[in-house]
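Read through the structure below, which is laid out as structure tokens, and then see the notes.
Reminder, nothing fancy here: chain letters follow the sequence lines and each chain counts from 1.
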2 protein chains.
Amino acid sequence: MDVRTICLGILTRGDATGYEIKKTVEEDGHRHFAEASFGSIYPALNRLTEEGLVSVRAEAQEKRPDRKVHTITRAGRRAFVASLMEPLPEDRHRSPFVFAMLFADLLPKDHVSRMLGAYIAHTEEKLSRLQQADAKPRREGERFADGLVTAAYAAVLDYLRIQRAKIETTAAQAAE
Amino acid sequence: MDVRTICLGILTRGDATGYEIKKTVEEDGHRHFAEASFGSIYPALNRLTEEGLVSVRAEAQEKRPDRKVHTITRAGRRAFVASLMEPLPEDRHRSPFVFAMLFADLLPKDHVSRMLGAYIAHTEEKLSRLQQADAKPRREGERFADGLVTAAYAAVLDYLRIQRAKIETTAAQAAE
DNA sequence: GTCGACCTATATCGAGCCTATATAGCGTGG
DNA sequence: CCACGCTATATAGGCTCGATATAGGTCGAC
């Protein structure tokens, strides 16, 4: 999903500055399947404003840069819904960790187990943060998304733990 | 993982042209966690060649563009292993589908169920292709990667089927 | 109390990557 | 016989990211 559409989507839930949009995308619930950086958000908002899909009011602040609060227009809502209705782009997943594991045979064995351990710890952390968020009341769609991501992470974690156990058993047998 | 590193990795498994590298990345097993386009592969190979990490021999073909067959050098192997040893970039996942589901409340209900159905079918297809590939003999790392991706897709599919069933039940109750 | 670290808030630049397009002959199916 | 898809390379334009710049505010540590 391009940054334009992400911005429009977040603005359907309420007015926001570019900075606030960035924070929202980083939150659990979004972070696992959508991303956007400042370098793409600010130009996107400017272009959306030019096109009349978004309006801006500058709130002057003393001795601080103006807060440029963005509001989605009726045309913006229409454009957003239209873009969700047309065929969606494919999912894209990139995992440097899995890529590296493809070449585990070229790496020292102890480094591979450290990598695996670190990745497991990292996944555990993501999962526990998701489960904390699960307590808060949320919109239907948010619960759906969190549930899907949680299911995926839990399955990956299971798999990784089994693989680690296998590696340890093999190593122990070799040491005999 | 950047395209340079992806190219080097594939070349550790054998010589290849840019075109062949593209095909390899598209294959099941790679496609689910790494990507690269022609527009990034060709420049990457040229730069790797300049840097001495890759060597090229042009195989002239009659009435066709030369096949530029790339071979990884010893320096290239060292650089590749070194890049796998240093801290890996974070995983990145983008799912326009999950993003769209976040805004299901703004869309017509029947369109949402069509989206869900299409995504389920798509995931089923990916999973069955992975299970076919499972039959072929493969390197340790490839089995690990396929296993991880399979576990993730299977869990997502389970979750989606349950959610679909819930939606249908709710719809049936509403129709009463 | 004051210093460093972090937060709000905007913005741009360079680098990296993707999409679409161009070229060109060959094989295959309808 | 024609359209489509495959092999094979390459580039232009546009989108996105990461890093950096600016600038004052808050808050905890020492």
Atom [atom1] of [X] to atom [atom2] of [N]: distance rounded to whole Å?
X: B:Glu59; N: D:dT7; atom1: CD; atom2: P; answer: 16 Å
X: B:Arg57; N: D:dT9; atom1: CZ; atom2: P; answer: 12 Å
X: A:Asn46; N: C:dA9; atom1: CG; atom2: C1'; answer: 14 Å
X: A:Arg67; N: D:dG25; atom1: CZ; atom2: P; answer: 16 Å

N or O in side chain of [X] less than 4.0 angstrom from [N] OP1/OP2:
X: B:Tyr19; N: D:dT7; result: yes
X: A:Thr17; N: C:dT8; result: no
X: A:Tyr42; N: C:dT10; result: yes

Residue pairs fulfilling salt bridge (charged side-chain N to carboxylate O under 4.0 Å, His left out) with at least one residue in residues 82-98 of chain A, sequence neighbours excluded: A:Arg92-B:Glu35

By salt bridge (Lys or Arg N to Asp or Glu O under 4.0 Å) - contacts of [X] (at least two apart):
X: B:Glu50; value: none
X: A:Asp2; value: none
X: A:Lys22; value: A:Glu26
X: A:Glu140; value: A:Arg143

Rounded to 10 degrees, the angle between the two terminal axes of the helix from C:dG1-D:dC30 to C:dG30-D:dC1, each from five pairs: 40°

All pairs passing ring-ring contact (aromatic ring centres under 6.0 Å, His included) where residues 105-137 of chain A contributes a residue, at least two apart: A:Phe97-A:Tyr119

Sequence neighbours excluded, every pair satisfying ring-ring contact (aromatic ring centres under 6.0 Å, His included) that has a member inside residues 150-172 of chain B: A:Phe144-B:Tyr159, B:His32-B:Tyr153

Hydrophobic cluster identity match, B:Val56 and B:Leu8, side-chain contacts under 4.5 Å: no

Candidates C:dT10, D:dT9, D:dT7 - which lies nearest the side chain of B:Lys23: D:dT7

Test: B:Glu142 and B:Arg13 ion pair at under 4.0 Å: no

Sugar-phosphate only, base, or nothing, as touched by B:Lys22 at under 4.0 Å among non-hydrogen atoms: nothing

Grab the N/O contacts between the protein and nucleotides 14-18 of chain D below 3.5 Å, and write none if there aren't any.
residue, atom, partner, partner atom, Å
D:dC15, OP1, A:Arg47, NH1, 3.2
D:dT16, OP1, A:Val3, N, 3.1
D:dC17, OP1, B:Arg94, NH2, 2.8
D:dC17, OP2, A:Ser37, N, 2.9
D:dC17, OP2, A:Ser37, OG, 3.1
D:dC17, OP2, A:Ser40, OG, 2.7

